[in-house]
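To start, the structure under review is shown below, and the notes come after it.
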There are 2 protein chains.
Amino acid sequence: MLSSSCRYGIRAVIYIASQPRINGKTGIRQISKDLELPTPFLAKILQQLARQKILTSSKGPHGGFSLQKDPRKITLLDIVKTIDGDGIFTNCIIHNSTCTVVDHEKDPCPVHDDYAYLREELIRLFSSTTISDLAMKAGSTKKIFI
Amino acid sequence: MLSSSCRYGIRAVIYIASQPRINGKTGIRQISKDLELPTPFLAKILQQLARQKILTSSKGPHGGFSLQKDPRKITLLDIVKTIDGDGIFTNCIIHNSTCTVVDHEKDPCPVHDDYAYLREELIRLFSSTTISDLAMKAGSTKKIFI
DNA sequence: TATAAAAAAGATAAAAGAGTATTTTTTTCT
DNA sequence: AGAAAAAAATACTCTTTTATCTTTTTTATA
């Protein structure tokens, strides 16, 4: 469904949002240690999220990553699109390419109509779930990150 | 969502089900030509489906593949499980492993509850959509296979 | 200003997925 | 029996994803 990179990215953003705000920065060493993810691999993912204005990164001593936006304004859709692209929301389920209503309206693939509903539900879920929601739920337990 | 192998397999099974029954066999050369798929790669996929009793294969002149079951009894779920496994139906959306109700019932991951519904809809769609359904819809057009 | 801490960048390595090529086995038909 | 046609099996290549390692750049602060 989602790539490893994407899942790691989502968990890292939830983790950052759950951190107590002392100076507002969370180091990648700490994130990768607590989430049990490979440090340099996670670094690349967070860099992508920083380029998309979802995270802020700062170098130097006491540097690290923090959210660039209100966690209530960051959705799962934002993160998934940044890391995996929007293929999961547009690709046909049995063909290689997109299979939107426009593409196939006169020549729909046989699963098209039935899958359209599920695709809409997927988009609805991902676009309505915010990092704020997830960080609140995550707050109640430690193990969710692993 | 689904691997290339899996999508190719689904399309091939729909194609076989759509063929006029002369001697009941469809050669892989014909399938790969009409679906524009690489022949030896598709062969491996069809072999997997044959091992799972979804297809029958016969060697020798006039050999080929045919359905081993009533197409009304072959579901998308059968094919997806054969080729991609059941990870898509069991894996957690943000973790590496399964995240079923049993696994996380006392310690659910933060997206668990919201995603559970979508997962159920996915299973419902895949298990209720049969090759018979798809072959009938496919009958009306040529381009759907490509 | 020098140092150390941190992320950024780049190069490389391992694993998995996708695809190709070749040989072997089976079967039909002459 | 022999030849040809078809799938099965095997081994290999290419690409992408995942992961690691090393070097560079930035920056706070002693």
Side-chain angles (χ1 to χ4, degrees), chain A residues 1-12 16 19 22-33 35-52 54-68 80 82-85 87-88 91 95-97, chain B residues 1-12 16 19 22-33 35-68 80 82-85 87-88 91 95-96:
Chain A
M1 182 74 114
L2 301 179
S3 70
S4 296
S5 299
C6 190
R7 297 197 313 271
Y8 295 176
I10 293 169
R11 284 153 63 192
I16 292 167
Q19 286 300 106
I22 297 172
N23 64 356
K25 303 285 177 195
T26 310
I28 189 153
R29 204 73 59 78
Q30 177 191 337
I31 302 171
S32 61
K33 179 164 171 282
L35 302 191
E36 299 182 7
L37 299 176
T39 309
F41 187 55
L42 182 61
K44 298 243 172 85
I45 297 164
L46 298 190
Q47 284 162 28
Q48 287 187 68
L49 292 167
R51 275 183 231 115
Q52 281 299 315
I54 292 169
L55 298 179
T56 309
S57 72
S58 55
K59 294 181 172 183
H62 311 116
F65 291 88
S66 57
L67 301 185
Q68 190 161 356
V80 173
T82 298
I83 298 171
D84 281 351
I88 187 179
N91 283 350
H95 291 92
N96 300 319
S97 50
Chain B
M1 180 74 111
L2 302 179
S3 69
S4 297
S5 298
C6 191
R7 297 196 314 269
Y8 295 175
I10 292 170
R11 283 153 63 192
I16 293 168
Q19 286 301 106
I22 297 173
N23 64 356
K25 302 287 177 194
T26 310
I28 189 153
R29 204 73 59 79
Q30 177 191 338
I31 303 171
S32 62
K33 179 165 170 283
L35 301 191
E36 298 182 6
L37 300 175
T39 308
F41 187 54
L42 181 61
K44 290 199 193 150
I45 297 165
L46 298 190
Q47 285 162 27
Q48 289 186 69
L49 293 167
R51 276 182 230 116
Q52 280 299 314
K53 317 280 190 202
I54 291 168
L55 297 179
T56 309
S57 72
S58 55
K59 294 180 172 183
H62 311 115
F65 292 88
S66 58
L67 301 186
Q68 191 163 356
V80 173
T82 299
I83 298 171
D84 281 353
I88 187 179
N91 282 350
H95 291 91
N96 300 318

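Proteins get letters first, then strands, A, B, ... in listed order; numbering begins at 1 in each.
- The CZ atom of Phe65(A) sits 12 Å away from the P atom of dA6(C) (whole-angstrom rounding).
- One interatomic measurement links the two molecules: CG of Leu42(A) to P of dT18(D), which rounds to 13 Å at whole-angstrom precision.
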Strictly under 3.5 Å: I want the nitrogen or oxygen pairs between protein and nucleotides 10-12 of chain D, one per line.
from	atom 1	to	atom 2	distance (Å)
dA11(D)	N6	Lys44(B)	NZ	2.9

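- For Gln30(B), the side-chain hydrogen bond (donor to acceptor under 3.5 Å, both in side chains) partners are Tyr15(B), not counting sequence neighbours.
- Residues His95(A) and Arg7(B) approach most closely at O-NE, 3.0 Å, considering heavy atoms.
- Taking 4.5 Å as the limit, every side-chain heavy atom of Ile54(A) sits out of range of all side-chain heavy atoms of Gln68(A).
- For Phe41(A) and dA13(C), the CZ to C1' distance is 14 Å, given to the nearest whole Å.
- One can place NZ of Lys25(A) at 11 Å from C1' of dA7(C), the figure rounded to the nearest angstrom.
- For Ser58(B), the side-chain hydrogen bond (donor to acceptor under 3.5 Å, both in side chains) partners at least two apart in sequence or on another chain are Lys25(B).
- Rounding to the nearest 0.5 angstrom, the gap separating the CG atom in Leu42(B) from the CD atom in Gln47(B) is 10.0 Å.
- The nearest pair of heavy atoms linking Gly9(A) to Ile45(A) is CA-CG2, 3.8 Å.
- Of the residues in residues 1-9 of chain B, Ser3(B), Ser4(B), Ser5(B), Tyr8(B) come within less than 4.0 Å of DNA chain C through at least one heavy atom, sorted by number.
- The separation between Leu37(A) atom CG and dT18(D) atom P is 13 Å, rounded to whole Å.
- The two residues Ile31(B) and Ala12(B) come nearest to each other via the heavy atoms CG2-CB, 4.1 Å.
- As rounded to whole Å, 15 Å separates atom C1' of dA7(C) from atom CD of Gln30(A).
- Distance Leu46(A) CG to dA6(C) C1': 13 Å, rounded to the nearest Å.
- Residue contacts shown for Pro38(A) are limited to sugar-phosphate atoms, with no base heavy atom under 4.0 Å away.
- Smallest separation of non-hydrogen atoms from Ser32(B) and Thr39(B): OG-OG1, 2.9 Å.
- For Gln48(A) and dA7(C), the CD to P distance is 17 Å, given to the nearest whole Å.
- The two residues Ile28(A) and Ala43(A) have their closest heavy-atom pair at CD1-CA, 3.1 Å.
- Checked against side-chain hydrogen bond (donor to acceptor under 3.5 Å, both in side chains), Thr82(B) has no partners two or more places apart in sequence or in another chain.
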Could you list, one pair per line, each protein nitrogen or oxygen that sits under 3.5 Å from a nitrogen or oxygen of nucleotides 3-6 of chain D, together with the distance?
from	atom 1	to	atom 2	distance (Å)
dA6(D)	O4'	Gly60(B)	O	3.2

Begin with the C-alpha distance, continue with both residues' side-chain angles, and end with the deciding distance and a verdict on side chain to side chain contact (heavy atoms under 4.5 Å, CB included) for Ile10(B) and Val80(B). CA-CA 8 Å; Ile10(B) 292 170; Val80(B) 173; 4.3 Å; yes
